[in-house]
Number of protein chains: 2
Amino acid sequence: MELSERKLKILQAVIADFISTAEPVGSRTLSKNHDMGLSPATIRNEMSDLEDMGYLTHPHASAGRVPSDKAYRLYVDKLMNTGDLPEEMKRRITEELESGEAPDAVAKKAAEILSDTTNLISFAITPSGRESKLQYVNVLPVADQTVVIMVVTDDGKVNNTAVRLTCDYTNENLELMSKVMTHNLKGKTVNDILTMNIVQTLETDLRSLSALPQSVIPSFMQTLKKMLDSNLYMDGYSKVFNLPEYSDVDRAREILSLVEKKEHLTNVLVNRDEGLVITIGDENSDDMKDMALITADYKVNGRLVGKLGVLGPKRMKYGEISSVIKYLTDNINRSFEITEDKPEGDPEEKETDE
Amino acid sequence: MELSERKLKILQAVIADFISTAEPVGSRTLSKNHDMGLSPATIRNEMSDLEDMGYLTHPHASAGRVPSDKAYRLYVDKLMNTGDLPEEMKRRITEELESGEAPDAVAKKAAEILSDTTNLISFAITPSGRESKLQYVNVLPVADQTVVIMVVTDDGKVNNTAVRLTCDYTNENLELMSKVMTHNLKGKTVNDILTMNIVQTLETDLRSLSALPQSVIPSFMQTLKKMLDSNLYMDGYSKVFNLPEYSDVDRAREILSLVEKKEHLTNVLVNRDEGLVITIGDENSDDMKDMALITADYKVNGRLVGKLGVLGPKRMKYGEISSVIKYLTDNINRSFEITEDKPEGDPEEKETDE
DNA sequence: ATTAGCACTCAAAGCGTGAGAGTGCTAACA
DNA sequence: TGTTAGCACTCTCACGCTTTGAGTGCTAAT
């Protein structure tokens, strides 16, 4: 059977209604609310067809219709309109985001905005530093036998670790060490540094420092490892209680415990495709089969890095939310783009206009 | 009326039973479970007295008794036993905590442990840097027109901000600036620096740098301000669903939205008394009237700083939880104590080589 | 002073009924 | 032939009634 123009229209109406009310939608309501010049009976016939085709389901015999995963997929691919955001909202987002913050702060803020505007649980992961290029290593004195190792990368990430030393140091030693390490490692990616035999590489240059390198280098590696991890920020936990699908405690528990497994969620996000990705119901992993997940990525310094998104019931305002996420990531990208046009070896040249 | 020995014993039994079952406890159950050689009728009379005295309440005429806030208070002050923790648990806590981490990481970990061991919502705030003494300022080059300002304090806090400059710089300029700022500000508390007129103080020394100070100093102040804030880490959101008192969605929503108001919660914690503090029901602010809050503080470098605690129903295992929190803060204190001038005290020295 | 006994209370669970929303089918209609 | 009105049927949900059981308070006996 073909999806006639009329069937499409009805399907769209059912989906729209269900998204906004969370109630199964019946033929009568449909014919009233959407004045499509058809009687309930006709609509009923069409809906019956749509059910046969797998687009609608029946919770039980005397209830209205509910869209299937297949219907949502069609809706997202063809039917929904990703309209422009209201100026007011755009303004607010830009405003809240504006400030040359560090990636972590931006991610946190973005999750906040996203949850506020969508009324769903939101999250954002910060870039993994895997491909970040080391810019600067600094070993700084803090107290007797204690120093801080600071690593800065070209995309603005700064990580540090405090180390208790097993030996004494002088400020000159630390400075020398910082210089040598920076000189040897600058421009290399974090990942590369972690996989190369750094001790050997530095050994000759640092011979004069006796025990110092042995004390510091493990912690330096530690700091780099920290840079590999993505940080996950979340917001809007308690928003779920506003949704009728979670008025049942067990359902609420389900989604909230899911979201509390941070490593798991991080994994899901990291392994996601690039771009704006929407996965609905069955398309998700087992623990999210009755939810929908919308994510997008953002770039720092032209490098693909962080992700953000929302999680909620399949009945979500896909169009609107996609627009918000799109607008948000665009804004973040733009705000991180500006470190360009330096002479140092970055081949791609991006020009921001408009 | 006086609280006879027997009344106390009965009261304690009621509280103990209610804490473990969440069901109003009746005279019959009590006489069975606690074989105190008294018939239900006698217990009934005593309970009636206890009710008159304000220690017990009746949800309704034909239900058992429930402890009042006053009863919990008595229990916490006199009746409960703060036994020692099982070795197994101690071992686990020490193990998980052991590693010279930064205050932020420690707080996060502590919240995690606390929620795991108590099965309640837990949180930990990191020190406010208000009284931290500045140790080191460093302005470091990151890219053209971009530098990172790093501030290190004596208690191991490290904060940094990336700044886009409005003027050019040379490495020498930055170094000079770092030196001058460190020299002028070292040993002063963050709070003091924020309230003094720093620009004026530095102006003469930095005259040679033209526009650089104007670019950097506001961001430096920004970084210091960040140090004032306590970071709040939480864990165990979804634990509430295991408690019968939150099987009602509205109750669950109540506690979870409360906990999501991070600034509010931070405030509550910051304004709390020192030491192990337990507040029950009415003793709390309006939005926690039917919960109990247990907190304690921990010190970094001898300075009173962070707090951690749990939030849950008034029916909580006060004794056990207090022990855990006590043990946890003791451990944290010990692990942060070492920056002192006594070289002794660290049992194990880790040596990594390869 | 304690306890057995009994009447009483109240929440919670179970049951039956009726209303309402919706369907599917059939027959009539343009 | 596609559309529609009509009608019987189905199923959930809300309501009220009854029963059950846990627990109390009081009284009288020990």
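Chain letters run A, B, ... following the sequence lines, proteins first and then strands; every chain starts at 1. The shown structure was predicted, so the numbers you read here are calculated from the model rather than taken from an experiment.
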Chemist: Please state how far atom CG in A:L50 lies from atom P in C:dG22, giving the value in whole angstrom units.
Modeler: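 Atom-to-atom, A:L50 to C:dG22, this comes out as 17 Å.
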
Chemist: Please state how far atom CG in B:L38 lies from atom C1' in C:dT3, giving the value in whole angstrom units.
Modeler: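 In whole Å, C:dT3 C1' and B:L38 CG are 11 Å from each other.
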
Chemist: Donor-acceptor pair, distance only, cut-off 3.5 Å: does the side chain of A:E260 make one with the backbone of B:G236?
Modeler: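 The answer is yes, because a donor-acceptor pair under 3.5 Å joins these two groups.
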
Chemist: Can you tell me how far P of C:dA12 sits from CG of B:D248, to the nearest Å?
Modeler: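 Rounded to whole Å, this separation is 12 Å.
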
Chemist: Just wondering, are more than 12 heavy atoms of other shown residues or ligands nearer than 6.0 Å to NZ in B:K108?
Modeler: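 No.
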
Chemist: Sub-3.5 Å donor-acceptor pair from the side chain of B:K314 to the main-chain atoms of B:G281, do we have one?
Modeler: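 Side chain of B:K314 to backbone of B:G281: no pair is present.
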
Chemist: Check this one for me: any side-chain N or O of B:S62 less than 4.0 Å away from OP1 or OP2 of C:dA11?
Modeler: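 No, outside the criterion.
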
Chemist: Between B:R44 and A:N45, who's closer to the 5' end of DNA chain D by nearest nucleotide?
Modeler: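 So the residue in question is A:N45.
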
Chemist: Is it true that atom NZ of B:K317 has more than 12 heavy atoms of other residues, nucleotides or ligands lying nearer than 6.0 Å?
Modeler: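 No, not enclosed.
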
Chemist: 5'-most contact on DNA chain C: B:G37 or B:H60, nearest heavy atom basis?
Modeler: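 This one resolves to B:G37.
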
Chemist: Is any side-chain N or O of A:R65 closer than 4.0 Å to OP1 or OP2 of C:dA21?
Modeler: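 Result: no.
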
Chemist: Classify B:A61 by what it touches in the nucleic acid, base, sugar-phosphate, or nothing, heavy-atom distance under 4.0 Å.
Modeler: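 Since only primed, P, OP1 and OP2 atoms lie under 4.0 Å of B:A61, the category is sugar-phosphate.
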
Chemist: Side chains of A:L30 and A:I10: does their closest heavy-atom pair fall under 4.5 Å?
Modeler: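 A:L30 reaches A:I10 side chain to side chain.
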
Chemist: Using the heavy-atom set of chain A and a strict 4.0 Å cut-off, write down the first and last nucleotide of DNA chain D that makes it in, 5' to 3'.
Modeler: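 Counting from the 5' end, contacts occupy D:dT3 to D:dT12.
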
Chemist: Specify the residues of residues 8-17 of chain A, ordered by number, for which at least one heavy atom lies under 4.0 angstrom from an atom of DNA chain D.
Modeler: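 Contacts with DNA chain D under 4.0 Å: none.
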
Chemist: Indicate yes or no for a side-chain donor-acceptor contact from B:T295 to the backbone of B:G309 under 3.5 Å, with no hydrogens or angles considered.
Modeler: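 Checking the backbone N and O of B:G309 against the side chain of B:T295, no donor-acceptor pair under 3.5 Å is found.
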
Chemist: With a 6.0 Å cut-off (strictly less than), is the heavy-atom count around NZ of B:K70, excluding the residue itself, greater than 12?
Modeler: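 Correct, the count exceeds 12.
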
Chemist: Tell me if a side-chain donor or acceptor on A:T42 pairs with a main-chain N or O of A:L38 at a distance below 3.5 Å.
Modeler: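 No, the answer is negative, given that no donor and acceptor are paired below the 3.5 Å cut-off.
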
Chemist: Please check: side-chain N/O of A:R315 versus main-chain N/O of A:I19, any donor-acceptor pairing under 3.5 Å?
Modeler: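 Such a contact is found between A:R315 side chain and A:I19 backbone.
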
